[in-house]
Amino acid sequence: MPELPEVEVTRRSFAGRIAGARVLAARLGKPLRWPLGCDPQALAGRQVQGVRRRGKYLLIDLDAGLLLLHLGMSGSLSFMPEAPEAGPHDHFDLFTTQGVLRLNDPRRFGAVVYVTGEDDPVAQKLLGGLGVEPLGPDFEPVAFHAALRRRQAPIKQVLLAGDVVVGVGNIYASEALFLAGIRPTTRASRLSLPRATRLHAAVQEVLARAVDKGGSTLRDFSNAWGEAGYFQLEAMVYDRAGQPCRRCGQTIRRMVQGQRATYFCRGCQV
DNA sequence: AAAAGCCCCTGGATGC
DNA sequence: TGCATCCAGGGGCTTT
């Protein structure tokens, strides 16, 4: 489910309310992708300093150590004054003096991992290989072009890989390539500087706009307030196979790259 | 080093 | 109605 916009929207929806809270207890449901990495009881008494985001990870800073949280494919967070009884897909609860942070994740591709710091080997393994933040100052056209020149894979898959630029998932990769007028199958190394620059701008534009719209709610995404997102309503290509292109009228195509669906317009993307 | 496949898991939609 | 099949916002790990 969640790409950078959904994760960022989630972060903003509870960061302010949980900051300063004291952890009372933690509860685990079924196993997630990785073990928590500490006894849940050991979290009691720690204070939440704030919530950051790195790529699609949320970093919940504690006064000692931090929690790395990933929503995987089907995860969503809620933050409520009091938690209803846990349902079958509620796999992590953090009870605090200011409310309960709950992770609901039917498919359990998500994770909550405790690490002592960002230099912790586990944190390094998960965060160390990530590319630059697309909405940060390090995402810059010339460096982006240089990084793409080293990659022979199709540009769609390079965007998804996350080691050049983070946070672009399956929806926004298709959308950004449409905006930039680039075929998803184009080898990354063959993009000229002007085209890479267009793609750079398109990635920033589509992600920023999606954050603005509260993310995309295709099935069940909602932020920690329970509010849905609306970006899916303005998707140009994603999940629109067989429908007319909103720009040129040609039929939107669906193809498969690396076992993931890609949507594009033959008329608008060269 | 980089690319390509393979999984992890559950639920909803579709088709017979 | 029931059952099989396909598909889904991710990404680490293993193999080429």
Side-chain angles (χ1 to χ4, degrees), chain A residues 1-11 29-35 53-58 68-77 87-91 103-113 121-131 134 146-176 184-190 203 206-207 210-211 213-223 228-235 237-242 254-263:
Chain A
M1 164 212 341
E3 306 181 33
L4 181 148
E6 291 74 31
V7 176
E8 177 60 17
V9 163
T10 297
R11 188 190 71 78
K30 286 194 194 174
L32 293 163
R33 181 158 194 175
W34 297 295
R53 180 189 56 71
R54 177 75 177 98
K56 298 173 188 169
Y57 284 90
L58 287 174
L68 305 182
L69 206 147
H70 200 290
L71 300 177
M73 206 75 147
S74 60
S76 62
L77 285 177
H89 302 306
D90 295 326
H91 300 304
L103 173 66
N104 180 275
D105 185 5
R107 293 178 72 179
R108 292 189 283 129
F109 291 169
V112 183
V113 178
V122 176
Q124 276 299 310
K125 184 188 72 173
L126 298 179
L127 306 177
L130 296 183
L148 295 184
R149 289 202 56 165
R150 288 176 230 122
R151 305 291 286 266
Q152 307 301 307
I155 182 60
K156 159 80 174 347
Q157 288 170 255
V158 173
L159 286 177
L160 275 191
D163 51 356
V164 173
V165 58
V166 292
V168 182
N170 211 36
I171 298 177
Y172 302 110
S174 283
E175 292 298 313
T185 47
T186 308
R187 308 257 146 211
S189 57
R190 307 198 50 163
V203 165
V206 76
L207 294 179
V211 170
K213 290 285 170 181
S216 295
T217 297
L218 298 187
R219 293 174 182 71
D220 50 12
F221 170 74
S222 63
N223 66 27
Y230 295 93
F231 183 85
Q232 73 282 2
L233 299 177
E234 47 191 79
V237 289
Y238 186 79
D239 207 19
R240 296 197 64 242
R254 177 189 188 274
M255 65 188 290
V256 175
Q257 293 179 287
Q259 292 105 241
R260 313 290 302 275
T262 301
Y263 300 87

Whole-Å distance between [N] [atom2] and [X] [atom1]?
X       : N       : atom1 : atom2 : answer
M73(A)  : dG11(B) : CE    : C1'   : 13 Å
Q157(A) : dG11(C) : CD    : P     : 15 Å
L148(A) : dA2(B)  : CG    : C1'   : 14 Å
D163(A) : dG10(C) : CG    : P     : 15 Å
R151(A) : dA1(B)  : CZ    : P     : 12 Å
L32(A)  : dG10(C) : CG    : P     : 17 Å
Q257(A) : dA4(B)  : CD    : C1'   : 13 Å
R260(A) : dA4(B)  : CZ    : C1'   : 14 Å

Between [options], which nucleotide gets closest to the side-chain atoms of [X]?
X       : options                  : value
H89(A)  : dG10(C), dA8(C), dG11(B) : dG11(B)
L126(A) : dG10(C), dG12(C), dA2(B) : dG12(C)
Q259(A) : dA3(B), dA8(C), dG5(B)   : dG5(B)
K56(A)  : dG11(B), dA8(C), dG11(C) : dG11(C)
R254(A) : dA4(B), dG11(B), dA8(C)  : dA8(C)
Y57(A)  : dG10(C), dA4(B), dG12(C) : dG12(C)
R107(A) : dG10(C), dC9(B), dG12(C) : dC9(B)

(request) Pick the P atom in dC6(C) and in dC6(B), then give their distance to the nearest Å. (result)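 Nearest-Å result for dC6(C) against dC6(B) at atom P: 15 Å.
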
Under the 3.5 angstrom rule, does the side chain of [X] hit a backbone N or O of [Y] as a donor-acceptor pair?
X       : Y       : value
S174(A) : Y263(A) : yes
R187(A) : Q152(A) : yes
E6(A)   : S216(A) : yes
D90(A)  : G29(A)  : no
R53(A)  : G55(A)  : yes
Q257(A) : P154(A) : no
H91(A)  : K30(A)  : yes

(message) According to salt bridge (charged side-chain N to carboxylate O under 4.0 Å, His left out), who are the partners of R11(A), at least two apart in sequence or on a separate chain?
(response)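 Here the qualifying residues are E8(A).
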
(message) K156(A) and side-chain hydrogen bond (donor to acceptor under 3.5 Å, both in side chains): which single residue from T186(A), T185(A), N170(A) fits?
(response)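 Going through T186(A), T185(A), N170(A) one by one, the side-chain hydrogen bond (donor to acceptor under 3.5 Å, both in side chains) with K156(A) is satisfied by N170(A) alone.
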
I'd like a list of close polar pairs between nucleotides 14-16 of chain C and the protein, N/O only, cut-off under 3.5 Å.
none

(request) Ignoring backbone atoms, establish whether R33(A) has a side-chain N or O less than 4.0 Å from OP1 or OP2 of dG12(C). (result)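 No, no such contact exists.
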
(request) May I ask you to evaluate whether H70(A) reaches the phosphate of dG11(C), defined as a side-chain N or O under 4.0 Å from OP1 or OP2? (result)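 For dG11(C), OP1/OP2 do have a side-chain N/O of H70(A) under 4.0 Å.
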
Once you apply a heavy-atom cut-off of 4.0 Å, does [X] come out as touching a base, just sugar-phosphate, or nothing?
X       : result
G258(A) : nothing
Y172(A) : nothing
A261(A) : sugar-phosphate

(request) For F109(A) and for K125(A), find the nucleotide of DNA chain C with the closest heavy atom, then tell me which residue's nucleotide is more 5'. (result)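 This one resolves to F109(A).
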
(request) Check whether more than 12 heavy atoms from other residues, nucleotides or ligands sit under 6.0 Å from atom CZ of R54(A), and answer yes or no. (result)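 Check passes, neighbour count above 12.
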
(message) As a check on the pairing definition, encode DNA chain C in dot-bracket form, counting Watson-Crick and G-U wobble pairs whose two distances are under 3.5 Å, and using | for partners outside this strand.
(response) .|||||||.|||||||

(request) Using side chain to side chain contact (heavy atoms under 4.5 Å, CB included) as the criterion, point out the one residue from L69(A), N104(A), V7(A), D105(A) that pairs with L77(A). (result)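 Per the side chain to side chain contact (heavy atoms under 4.5 Å, CB included) rule, the option paired with L77(A) is L69(A), out of L69(A), N104(A), V7(A), D105(A).
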
